[in-house]
Number of protein chains: 2
Amino acid sequence: MLKLYSESPKHYVAVDCIIFGYDITDKELKLLLIKRSFDPAKGKWSLSGGFVEENEDIDSAATRVLGTLTGLSDLFMEQLGTYGSVDRDPGARVISVAYYSLIGIHEINTEKQEQNGAHWRSISAIPALIFDHDKMVKAALAELLHKVKTQPVGFELLPEKFTLVQLQELYEAVYQRKIDKRNFRKKILSMNLLEKLDEKEKQTSKKGAYYYRFNEEKYKAFKRNGFFFNLDVN
Amino acid sequence: MLKLYSESPKHYVAVDCIIFGYDITDKELKLLLIKRSFDPAKGKWSLSGGFVEENEDIDSAATRVLGTLTGLSDLFMEQLGTYGSVDRDPGARVISVAYYSLIGIHEINTEKQEQNGAHWRSISAIPALIFDHDKMVKAALAELLHKVKTQPVGFELLPEKFTLVQLQELYEAVYQRKIDKRNFRKKILSMNLLEKLDEKEKQTSKKGAYYYRFNEEKYKAFKRNGFFFNLDVN
DNA sequence: CCAAAAGTGTTTTCTCTACACCCATGT
DNA sequence: ACATGGGTGTAGAGAAAACACTTTTGG
């Protein structure tokens, strides 16, 4: 570093959130997108974002944006990367730090969101997005695919209680392919991270499917002993 | 985004480079660190960095910093993440985008570097670093470990011609453990990414070890056909 | 001729894959 | 009693791990 701080230029810094949601009923992975309400690119689809304030950590800015849109806090969220091409935003030079987060669509009031100009769109039919947001979404999807294989984040997209069928459907929605039922169950159950409950889900079948719950404590304990989550099934 | 651009604050944005180097002779993975020449934290060890200029992409800023220090261009470099806590730099609020890069120590003039206050330090004995640079290094190391397993980046740390022994020693330095020679060779050679040369390296043994070269073109072709590099050996 | 490092295969173990039938229950 | 979705095990293939001796050659 040759220059003094004061001799260096300052930049607008924004956060953009790639919000993944899973809908247990229509079994689709979705993205929360907004219709932009101001120029430039007013009326176009975009990720939701916001500027980083003076005395605000970047992570906090992302949490704030996410909270404003969903009304939820304590969601899974992770930094994806920073997009800093000079011309990425035609309005001004804005550096954007992208975050992705996972939320269960069942948890939130979808109608209220749509009033705010936010809409859930299936990842199989994402509209064109402004600026480099397509690039961000593409990167986030790649990251998500890797993440669900190597860390137990799939549960973030489901309600606390879920059936193995629902868990498998989630993985199928993310991978976009069918998974062998027996191999999937064998593998996930062999990790000993799920607790079988006495309760059954009876809406979708007469027999009913047992509910399970992810045990965070067990996972932490296993991890301390060098265990790695791995759910790469055929 | 509720605010207009002009109502939002601007921030100093810097890049910091985690520069990994591998020394073929002492078989150690190293980091290029500098003794900071100005306040705050003058005289302390730090990563090399620099501010992002007005009309400069962030990636370009990182390339520039790396070039200034090493005199090299076209090096392997990738974004690691952005560090944006308000108080991370006591001098001012500076948002830092961290990059890591891989270079062969043999390629550069080490003496010239040391004159610039830059020093290669083994990763097994990294001094305390300023600000959150320790955190960056830790993250970069984790990323590197993952990267060398899943992408052919190890070659970036070696000269163009290298022996299989040298390649294995590099992986041993990165993983910090011994690897089985026969399994390692079997696996890397079965990928068909290395070309055996007619030349032998004769400094370290009487018999001499054949030189190999990484074939970038083959790798690209294989990748197009869905091949994934994987070098996870015991 | 011998020290020192390079090079080379096989067996065993484990993990991944493929695959089909019975079970429970509401109507 | 039957239709519907839930739940279960095993055999074969392929990948990973363990392991020790022969080759070459400069001094």
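The chains referred to below are lettered A, B, ... by the order of the sequence lines, with proteins before strands, and numbering in each begins at 1.
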Taking atom [atom2] of [N] as reference, at what distance in whole Å does atom [atom1] of [X] sit?
X: B:Gln168; N: C:dT8; atom1: CD; atom2: P; value: 13 Å
X: A:Ile188; N: D:dT8; atom1: CD1; atom2: C1'; value: 17 Å
X: A:Leu197; N: D:dG6; atom1: CG; atom2: C1'; value: 16 Å
X: A:Gln166; N: D:dG5; atom1: CD; atom2: C1'; value: 13 Å
X: A:Lys178; N: C:dA18; atom1: NZ; atom2: P; value: 16 Å
X: B:Arg182; N: D:dA16; atom1: CZ; atom2: C1'; value: 14 Å
X: A:Lys196; N: D:dG7; atom1: NZ; atom2: C1'; value: 9 Å
X: A:Lys187; N: C:dC16; atom1: NZ; atom2: C1'; value: 8 Å

Quiz question: going by heavy-atom distance under 3.5 Å, is there a donor-acceptor pair between the base of [N] and the side chain of [X]?
X: B:Asn234; N: D:dA18; answer: no
X: B:Arg185; N: C:dA6; answer: no
X: B:Lys207; N: D:dT22; answer: no
X: B:Asp232; N: D:dA16; answer: no

Checklist entry - When all nucleic acid strands are considered with a 4.0 Å heavy-atom cut-off, which category describes A:Thr163: base, sugar-phosphate, or nothing? => result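 If one applies the 4.0 Å heavy-atom cut-off, A:Thr163 turns out to touch nothing in the nucleic acid.
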Checklist entry - Cationic tip of B:Lys200 within the cone over B:Tyr210's six-membered ring, i.e. under 6.0 Å and within 45° of the normal? => result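 Yes.
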Item to check | Sole residue of A:Asn183, A:Leu193, A:Leu167 in side-chain contact (heavy atoms from CB on, under 4.5 Å) with A:Ile188 | outcome: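 Among A:Asn183, A:Leu193, A:Leu167, the one that satisfies the side-chain contact (heavy atoms from CB on, under 4.5 Å) with A:Ile188 is A:Leu167.
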Next on the checklist: Can you tell me which nucleotide in D:dC19, C:dT17, C:dG7 comes closest to the side chain of A:Asn183?
Outcome noted: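 So the nucleotide nearest the side chain must be C:dT17.
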Item to check | Listed nucleotide nearest any side-chain atom of A:Ser205, set C:dG9, D:dG5, D:dG9 | outcome: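 In terms of side-chain proximity for A:Ser205, the closest of C:dG9, D:dG5, D:dG9 is D:dG5.
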Checklist entry - Can you find a side chain N or O atom of A:Lys202 that sits less than 4.0 Å from OP1 or OP2 on C:dT25? => result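 No, no such contact exists.
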Item to check | Phosphate OP1/OP2 of D:dA3: any A:Lys206 side-chain N/O under 4.0 Å | outcome: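 Indeed not, no polar side-chain atom of A:Lys206 lies that close.
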Next on the checklist: Looking at A:Lys218, I want to see if its NZ is surrounded by more than 12 non-hydrogen atoms of other residues, nucleotides or ligands under 6.0 Å.
Outcome noted: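 Yes, NZ of A:Lys218 has more than 12 neighbouring heavy atoms, counting only those of other groups under 6.0 Å.
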Next on the checklist: Classify the ring geometry of A:Phe155 against A:Phe214: parallel below 30°, tilted from 30° to 60°, perpendicular beyond 60°.
Outcome noted: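 Judged by the thresholds at 30° and 60°, the geometry between A:Phe155 and A:Phe214 is parallel.
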Checklist entry - Between A:Val233 and A:Lys181, which has a closest nucleotide on DNA chain C that is more 5'? => result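 Looking at DNA chain C, the more 5' nearest nucleotide goes with A:Val233.
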Item to check | Toward the 5' end of DNA chain C, by each residue's nearest nucleotide, B:Lys186 or A:Asn230 | outcome: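 That would be B:Lys186.
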Item to check | Separation of B:Ser124 OG from B:Leu29 CG (nearest 0.5 Å) | outcome: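 Output value for this atom pair is 9.0 Å.
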Item to check | Nearest-nucleotide 5' precedence on DNA chain D, B:Lys200 against A:Leu189 | outcome: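 First, find each residue's nearest nucleotide; the 5'-ward one identifies A:Leu189.
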